[in-house]
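First comes the structure, then the notes that go with it.
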Amino acid sequence: MKDIIHFSVLILFFLLIRPSLVSPLYDGPLYDSTAYTECKEKPGKPLYGGGVLKSDQQSPRGVQDSIYSSYVVNNSYVPSLVLYNLTQGNIHTFSAWVRIKDSSSAMIKATLETEKETSDCIGTVSAKLGCWSFLKGGFVLNWPSNLSIIFFQTADGKDVNIEVASPSLQPFTKQQWRINQQYIINTKRKRAVTIHVSDSNGRRLQGASISIEQISKDFPFGSAIAKTILGNVPYQNWFVKRFNAAVFENELKWYATEPDKGKVNYSISDQMLQFVRTNNIVARGHNIFWEDPKYNPPWVLNLTGTQLHSAVNSRIHSLMSQYKDEFIHWDVSNEMLHFDFYEQRLGPDATLHFFKTAHKSDPLSTLFMNDFNVVETCSDVNSTVDVYISRLRELQRNGIFMDGIGLEGHFTIPNPPLIRAILDKLATLGLPIWLTEVDISKTNDRDSQANYLEEVLREGFSHPSVNGIMLWTAYHPNGCYQMCLTDNNFKNLAAGDVVDKLLGEWETGRVEGVADVHGSYSFYGFLGEYSITVNYGNRTTHSTFSLSGGEEARHFTITL
């Protein structure tokens, strides 16, 4: 309990002083969210002044800061960094500027090797000829390392002349990382509120009793649901108690709504939507099309040309007219970085047509790209952060303007600094970012799933550009997709306990106090809707107020 109190006091201090004055209580590094997606004529300065790679650091326990061509990969020399005495468990953020000389473009990845482990990819960048590109990533070691090497090579193993400049390696302890996360949560997810209590003559009422309760949350946090929720009151009660957002696992997909040509059936999804509406839950639309041919109706696989074009138009118009204004988002062409079923058959403009037609059908819904292995890893060359950005910009150039960034988040073992680095890069686009399908692989045991889930959720909630988080944990009695939150009696498993713990952390709950000599009472609250009750003598009043984002304190006056 003493540690909890100390931590709370520290965070309160963060909120009351400027970041430049944090050092009296916290002398660790402040996380630098700087990221670049444009190629520049000259490399930028290293983040953190280079961190432990500072050029004036001569200690034998430091890091040799020279980049040199002495590491052999596929019979070629590649630029490398030698690192000494890295600490197990520390969170290492890494960045560098990269340029190539003898190729028009190449995907460059940074790989880490220690005495006991290899991290195949700790960061990537799409480098171009003649200009400098920014690579940002990081790693966490499972074992301490006396000698480690970071080396840079092409993702496809081709021999390309690579230059590296302004490298930076900044370690954080887990406590330092958590403090930085909490600082962002307290400054971006919360806001100061001052309640003023007065009588009808404007006289401030010292000693008025004030009770405040958060009745809804601004931040959408939810889970996938399946048709198993229909008629299942225990499941419904468990879900509604926790979540304010939902996504249908499979029930809106084309193979579910039109398994046979011309036989469209929305009865199941209609019932699920009714559950969502009844409980004031926002819902994402998932999905209009899926580029993976395995998940298309069998009858669609045999269509070509005008027949397929007609079928996809009918699909869009049918789905969007059925559910116009019902879903806040639509995943338009799911996983198009990995698959291209429709573009192969309808041409390279097929995806553009999908987005434009969907927007015309439901102009208030945000249209999302949605794909896997963007934030989970950087080893998948189909979906590195730069590949995602390139495809999104291509859509923008062709007139798609209501778009959002959907990151599925199917993790095996998460890499927190890499997650944050990728989110930093995506944030430069200024678009809404959602973690849309978060789960942890069942190759982990349940306790490990829970621990890794907590890491991912904390990264998402504490990044200021993430606008919502959806878990991919729809309940099935015979087992969930990868990770269940409950057993069949809706008793929490370890992952469910983590969700409940974080939901408790990320809500204001009930706040009670007494108006001071100025008739005022102040508190910090998570963004959302609040109810307030004020008692003074034999007088009582009830009211509500909204707490939205903002830098300055929100002032609210109650008149008795």
Side-chain angles (χ1 to χ4, degrees), residues 28-37 44 46-54 63 65 67 80-98 107-114 117-125 133-145 148-153 155 164 166-181 184 373-380 384-386 407 409 411-428 435 452 454-456 458-460 462-463 465-466:
L30 295 178
Y31 180 78
D32 191 336
S33 61
T34 302
Y36 304 92
T37 55
L47 301 188
Y48 310 100
V52 295
L53 297 179
K54 290 175 182 175
V63 182
D65 66 342
I67 298 176
S80 310
L81 282 168
V82 176
L83 316 173
Y84 297 101
N85 301 307
L86 298 183
T87 302
Q88 175 187 3
N90 272 2
I91 294 168
H92 297 83
T93 64
F94 177 72
S95 62
W97 288 86
V98 178
M107 184 63 66
I108 305 301
K109 71 174 180 177
T111 297
L112 174 73
E113 283 199 1
T114 76
E117 58 188 308
T118 298
S119 298
D120 177 65
C121 185
I122 62 169
T124 60
V125 68
S133 300
F134 186 64
L135 181 152
K136 191 175 189 183
F139 58 89
V140 180
L141 294 182
N142 296 312
W143 292 275
S145 173
S148 308
I149 299 176
I150 295 176
F151 59 92
F152 302 82
Q153 62 178 320
V164 179
S166 300
S168 171
L169 183 71
Q170 178 61 58
F172 293 76
T173 66
K174 290 183 178 179
Q175 182 184 23
Q176 290 170 340
W177 193 257
R178 180 69 65 84
I179 288 172
N180 276 273
Q181 287 178 329
I184 296 299
N373 281 354
V374 181
V375 73
E376 297 96 317
T377 179
C378 59
S379 296
D380 188 339
T384 65
V385 61
D386 287 336
L407 309 173
F411 292 89
T412 301
I413 299 177
N415 179 349
L418 179 64
I419 295 171
R420 186 141 298 247
I422 290 169
L423 291 174
D424 289 344
K425 263 200 163 183
L426 292 169
T428 64
L435 303 182
Y452 292 147
E454 181 171 352
E455 288 184 2
V456 172
R458 288 192 183 278
E459 291 303 327
S462 65
H463 197 285
S465 294
V466 172

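This structure is a prediction, so every number in the text was calculated from the model and none was measured.
- Using a 4.5 Å heavy-atom cutoff, the side chains of L418 and C378 are in contact.
- For P414, the side chain to side chain contact (heavy atoms under 4.5 Å, CB included) criterion is met by F411, I419, Y452, E455, V456, not counting sequence neighbours.
- Contact check for I184 versus N180: no side-chain heavy atoms found under the 4.5 Å cut-off.
- W177 is listed as a side-chain neighbour of P417, based on a closest heavy-atom distance under 4.5 Å.
- Side chain of S462 to backbone of Q181: no donor-acceptor contact under 3.5 angstrom is found.
- For residues 411-422, the pairs satisfying salt bridge (Lys or Arg N to Asp or Glu O under 4.0 Å) are R420-E459, with sequence neighbours left out.
- E117 places a side-chain N or O within 3.5 Å of a backbone atom of W143 that can act as its donor or acceptor partner.
- Not counting sequence neighbours, the partners of S148 by the side chain to side chain contact (heavy atoms under 4.5 Å, CB included) test are L83, L86, L112, T114, S145.
- Residues satisfying the side chain to side chain donor-acceptor pair (under 3.5 Å) criterion with T93, sequence neighbours excluded, are absent altogether.
- Remark: S379 engages D120, C121, T377 in a side chain to side chain contact (heavy atoms under 4.5 Å, CB included) (not counting sequence neighbours).
- In terms of the salt bridge (Lys or Arg N to Asp or Glu O under 4.0 Å) criterion, E376 has no residue partners (sequence neighbours excluded).
- H463 pairs by the ring-ring contact (aromatic ring centres under 6.0 Å, His included) definition with nothing, not counting sequence neighbours.
- A donor-acceptor pair is defined here as one N or O able to donate and one able to accept, closer than 3.5 Å; such a pair exists between the side chain of S166 and the backbone of G44.
- With Q170 contributing its side chain and P29 its backbone, the two residues share no donor-acceptor pair below 3.5 Å.
- Looking at residues two or more places apart in sequence or on another chain, you find no salt bridge (Lys or Arg N to Asp or Glu O under 4.0 Å) involving D32.
- Between L407 and L426, some side-chain heavy-atom pair lies under the 4.5 Å cut-off.
- Residues satisfying the side chain to side chain contact (heavy atoms under 4.5 Å, CB included) test with P144, not counting sequence neighbours, are Q88.
- For W97, there are no side chain to side chain donor-acceptor pair (under 3.5 Å) partners at least two apart in sequence or on another chain.
- Among residues two or more places apart in sequence or in another chain, the salt bridge (Lys or Arg N to Asp or Glu O under 4.0 Å) test is passed with D424 by K136.
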